[in-house]
Engineer: 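One structure coming up, written as structure tokens, with questions to follow.
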Amino acid sequence: MKKLKFHYEMELSFDMPVAEHHFVFRCLPMEDGAQRCYGLCYGIEPAGPVLEGRDGFGNRTCVGEAMAPHDGLKVWSGGWVFVDRGAGREEALHPMFSFPSSYTMPDQGLWQYFGRIGGRAKEGGQRPEGDLRLPMRMMDCLYQDFSYVPGKTSVATTAAQALAGGEGVCQDYAHIFLALCRMAGYPARYVAGMMEGEGATHAWTEVWDGGMWIGLDPTHNRLADDGYIKLSHGRDFGDCTVDKGCFKGFASQKQNIYVKVEESYG
């Protein structure tokens, strides 16, 4: 178990004022058997009243609007999270995590890669529980064959497109790995969150095994351990967007994100 202190900050800047800005943020950690939160706080400026809730996947949401003209929006959150991945609770498996989603639909290139790294499609259902050797091997192959290069992909890039280009970021690693796991008969879901250190938000995967979800981080070729804080999960990036919104205006925007996660001993 680890006690982690986190700070998340996102700043949007517009080159001209915008108005009627409607948004939803998933910037507060989830609470489940593996995570317990306390001292959480957040702020959104400018904004009217903000409604806290949960989406269909159980992710915590902050929904609101900034109606008056503004040329920037700042969001921050912080607090402490007790993380114990070994204490994950058993839960029912929804079948949607066994099938391709919009970002993870395999094409010929993905199937060819799947076969080249020793993947075997599972006919008629899921793999036996308690054996993650194949996902671990596929993750290792992906780590060796794919390169982390920012700026080569976008939030709209699919797993098939990213694999064809051979370069991308954590979102792309997660989408490709999700596709491979589901092709092999392992239910898997996308996770957005943070990990120890300073930088930006991170993405990894969870694979269903033995009635529980096991976190695997293909970007770093490792298990997602107690140094990871989960913000949201879903079928793919589209279900887990940390910040999403729309506004009235013709402005272009720039986004800066800063995340810091450190172990707390107090």
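Below, each value reflects all heavy atoms present in this structure, side chains not excepted, and no hydrogens, waters or symmetry copies. In this text the structure is predicted, and so the values were computed from the model without any measurement.
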Engineer: For the backbone of A162 and the side chain of H175, can you confirm whether one donor and one acceptor N or O come within less than 3.5 Å of each other?
Structural biologist: no
Engineer: Is there side-chain contact between C181 and L178, with at least one heavy-atom pair below 4.5 Å?
Structural biologist: no
Engineer: For the residue pair C27 and V75, what are the closest heavy atoms and their distance?
Structural biologist: SG-CG1, 4.1 Å
Engineer: Does atom CZ of F250 have more than 12 heavy-atom neighbours, drawn from other residues, nucleotides or ligands, at distances under 6.0 Å?
Structural biologist: no
Engineer: Check whether the side chains of D217 and H220 place a donor and an acceptor atom closer than 3.5 Å, and report yes or no.
Structural biologist: yes
Engineer: Determine yes or no for a side-chain-to-main-chain donor-acceptor pair under 3.5 angstrom, with R60 supplying the side chain and P29 the backbone.
Structural biologist: yes
Engineer: Any heavy-atom pair between the side chains of R26 and R54 that's under 4.5 Å?
Structural biologist: no
Engineer: Please check if the distance between the ring centroids of Y258 and Y8 is under 6.0 Å.
Structural biologist: no
Engineer: Between V18 and M67, is there a shared hydrophobic cluster once you connect ILVMFWY residues whose side-chain heavy atoms come closer than 4.5 Å?
Structural biologist: no
Engineer: Under 4.5 Å between side-chain heavy atoms, counting indirect links through other Ile/Leu/Val/Met/Phe/Trp/Tyr residues: same cluster for L40 and V259 or not?
Structural biologist: yes
Engineer: Going by side chain to side chain contact (heavy atoms under 4.5 Å, CB included), I176 matches just one of T205, T104, L163. Which one?
Structural biologist: L163
Engineer: One thing to verify: whether E11 and K74 come together as a salt bridge, which I'm taking to mean a side-chain N less than 4.0 angstrom from a carboxylate O.
Structural biologist: no
Engineer: Do Y173 and Q171 have a side chain donor and acceptor closer than 3.5 Å?
Structural biologist: no
Engineer: Which residues end up grouped with Y228 if you chain together Ile, Leu, Val, Met, Phe, Trp and Tyr wherever their side-chain heavy atoms are less than 4.5 Å apart?
Structural biologist: V191, M195, W204
Engineer: To the nearest 0.5 Å, what is the distance between CD1 (I117) and CD (Q144)?
Structural biologist: 11.5 Å
Engineer: For a 4.5 angstrom cut-off between non-hydrogen side-chain atoms, does K5 reach Y265?
Structural biologist: no
Engineer: Any heavy-atom pair between the side chains of W208 and I214 that's under 4.5 Å?
Structural biologist: no
Engineer: Are the ring centres of H22 and F247 closer than 6.0 Å?
Structural biologist: no
Engineer: Give a yes or no answer on whether the side chain of T158 reaches the backbone of Q161 with a donor-acceptor pair at less than 3.5 Å.
Structural biologist: yes
Engineer: Would a 4.5 Å heavy-atom cut-off, applied to side chains only, mark N221 and L216 as touching?
Structural biologist: no
Engineer: I'd like to know whether the aromatic ring centres of W76 and F25 sit less than 6.0 Å apart in this structure.
Structural biologist: no
Engineer: Which of these, K260, K3, K2, sits in a salt bridge (charged side-chain N to carboxylate O under 4.0 Å, His left out) with E196?
Structural biologist: K2
Engineer: For a quick test of reading the model, state the closest non-hydrogen atom pair linking P187 to S98 and the distance between them.
Structural biologist: CG-OG, 3.4 Å
Engineer: Do R222 and M139 make a side-chain contact, defined as non-hydrogen atoms from C-beta onward lying under 4.5 Å apart?
Structural biologist: no
Engineer: Quick check for you: to the nearest 0.5 Å, what is the distance between R235 atom CZ and F57 atom CZ?
Structural biologist: 4.5 Å
Engineer: Roughly how far apart are T201 OG1 and M194 CE, rounded to 0.5 Å?
Structural biologist: 9.0 Å
Engineer: Could you check if a side-chain atom of M30 sits within less than 4.5 angstrom of a side-chain atom of H233, using non-hydrogen atoms only?
Structural biologist: yes
Engineer: Go through it in stages, so that I can follow the logic: the residues are V63 and F23, the test is side-chain contact (heavy atoms from CB on, under 4.5 Å), and I'd like the CA-CA distance, side-chain angles, deciding distance and then a yes or no.
Structural biologist: CA-CA 6 Å; V63 181; F23 54 78; over 6 Å; no
Engineer: Count the heavy atoms belonging to other residues, nucleotides or ligands that lie under 6.0 Å from CD of Q255, then report whether that count exceeds 12.
Structural biologist: yes
Engineer: What distance separates D239 CG from D55 CG, expressed to the nearest 0.5 Å?
Structural biologist: 8.0 Å
Engineer: Verify side-chain contact (heavy atoms from CB on, under 4.5 Å) between S77 and F6, making sure each step is shown before the conclusion.
Structural biologist: CA-CA 8 Å; S77 63; F6 79 94; 3.6 Å; yes
Engineer: Could you check if a side-chain atom of C141 sits within less than 4.5 angstrom of a side-chain atom of Y113, using non-hydrogen atoms only?
Structural biologist: yes
Engineer: Please check if atom OH in Y143 has more than 12 non-hydrogen atoms from other residues, nucleotides or ligands closer than 6.0 Å.
Structural biologist: no
Engineer: Going hydrophobic residue to hydrophobic residue with side-chain gaps under 4.5 angstrom, can you get from L73 over to V242?
Structural biologist: yes
